[in-house]
Amino acid sequence: MPEGHIVHRIADDLNGYFAGKPVTVTSPQGRFTQDAMTISGQRLRLATAVGKQLFIEFENDLTLRIHLGIYGKWQFHQSSESPAIVGEVRARFSHGKVFADLRGPTVCEVVDQDSVRMVLRKLGPDPLNANPRQAESRRFINKVLKSQSSIGLLLMNQEVISGIGNVYRAELLFRAGIEPHTPGSALSMEQVQALWNDSVKLMRVGAKTGFMITRESLFGKNPRKEDRNYVYKREGQPCRNCKTSVSIELMAARKLYWCSRCQK
DNA sequence: AGGTTATGCCAAT
DNA sequence: TTGGCCTAACCTC
């Protein structure tokens, strides 16, 4: 159940364990067997994360594209014996003593390079792939500033910015003091640039720790889940800043959390 | 044991 | 906008 920072961590793990090595790929569950046979035994060239999408490229130029969706998870094992299959394992990677099990992905398919390019073309810039010159941030800013739709929706739109999900959406807007229903076009360029910069900052914390810690005072610590955020999943509880009861509503079928006093 | 929930997304309406 | 996908964890009874 990841936002983009987790997918980047998975790409790093996969590269650490398997890059440059021939990987045995199976599908204990059976749903992925046909595709698995096309890459099994090939050397894994590189795993790359873009937003919430994971691309695992093999030496025969085929790429395994994975999207974890809301349920998907990877689990890594190190063992001289093959670990028992527990539950529905869509795909298992193995090389030597390392095993990686994938469960519950929305997408798990082998595709060619053209198909990868088509997917990539649709994705907005990823804060975790930002280069130092901030060239990508301009794409994000331009799209937001000319859109009539709300910033709450825009931050969840992977064609606008990739890798942000429901937690970071709520927390970014709280930290910026922006009311989630504000149209993109009503924001200033400085506000949108600041949102981008903050997304880079927060997602780097997430990628480094594995946790979505968004309260400045808790950076570098290991807080309990219920302490990590300002407004996410805190409906009805007092705002950590002004004590106003945190608001909740459904926006495009997802729960939106915000403080009606701090975010105007 | 059964019900609810989730950091997501798409096709159908 | 709604339903469906698909899995495990975390409730409640």
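Excluded from the calculations below are hydrogen atoms, water molecules and symmetry mates; all remaining heavy atoms, backbone and side chain alike, are included. Letters A, B, ... mirror the listed sequences (proteins, then strands); counts begin at 1.
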When the [atom1] atoms of [N] and [M] are considered, how many whole Å apart are they?
| N | M | atom1 | result |
| --- | --- | --- | --- |
| C:dA8 | B:dC10 | P | 23 Å |
| C:dC13 | B:dT5 | P | 13 Å |
| C:dG4 | B:dT4 | P | 16 Å |

Indicate whether OP1 or OP2 belonging to [N] is found under 4.0 Å from a side-chain N or O atom of [X].
| X | N | answer |
| --- | --- | --- |
| A:Arg31 | C:dC6 | yes |
| A:Gln29 | C:dC6 | no |
| A:His5 | B:dT7 | no |
| A:Arg90 | C:dC6 | no |
| A:Lys255 | B:dT5 | no |
| A:Gln158 | B:dC9 | yes |
| A:Arg103 | C:dA8 | yes |
| A:Lys73 | C:dT7 | no |
| A:Tyr232 | B:dT7 | yes |

Is A:Leu154 reachable from A:Val200 through a run of I, L, V, M, F, W or Y residues, each pair having side-chain heavy atoms under 4.5 Å apart?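 In one cluster with A:Val200: A:Leu154, yes.
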Taking any heavy-atom pair under 4.0 Å as a contact, classify [X]: base, sugar-phosphate, or nothing.
| X | result |
| --- | --- |
| A:Arg169 | nothing |
| A:Gln53 | nothing |
| A:Tyr168 | nothing |

[X] [atom1] to [N] [atom2]: how many Å, rounded?
| X | N | atom1 | atom2 | result |
| --- | --- | --- | --- | --- |
| A:Ile70 | C:dG3 | CD1 | C1' | 14 Å |
| A:Leu68 | B:dC9 | CG | C1' | 13 Å |
| A:Asn229 | B:dA6 | CG | P | 14 Å |
| A:Arg254 | B:dC10 | CZ | C1' | 13 Å |
| A:Glu249 | C:dT1 | CD | P | 11 Å |
| A:Glu88 | C:dA9 | CD | C1' | 16 Å |
| A:Glu226 | B:dT5 | CD | P | 19 Å |
| A:Tyr71 | C:dC5 | OH | P | 10 Å |

Given DNA chain B, 5'-ward residue of the pair A:His67 and A:Lys233, judged by closest heavy atom: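 It is A:Lys233, whose closest nucleotide lies nearer the 5' terminus.
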Verify the ring-centre separation between A:Tyr168 and A:His5: is it less than 6.0 angstrom?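 Close enough - the centres of the two rings lie under 6.0 Å apart.
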Ignoring hydrogens and angles, tell me if any N or O in the side chain of A:Glu3 forms a donor-acceptor pair with the backbone of A:Val167 under 3.5 Å.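 Here the side-chain-to-backbone pair exists.
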With a 3.5 Å distance limit and no angle check, can you tell me whether A:Thr63 reaches the backbone of A:Glu57 through a side-chain donor-acceptor pair?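 Between the backbone of A:Glu57 and the side chain of A:Thr63 there is no qualifying donor-acceptor contact (under 3.5 Å).
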Under a 4.0 Å N-O cut-off, is there an ion pair linking A:Arg45 with A:Asp61?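 Result for this pair is yes, salt bridge flagged.
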Only one of A:Trp74, A:Phe76, A:Tyr17, A:Phe99 forms a ring-ring contact (aromatic ring centres under 6.0 Å, His included) with A:Phe93, so which one is it?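 The passing option is A:Trp74.
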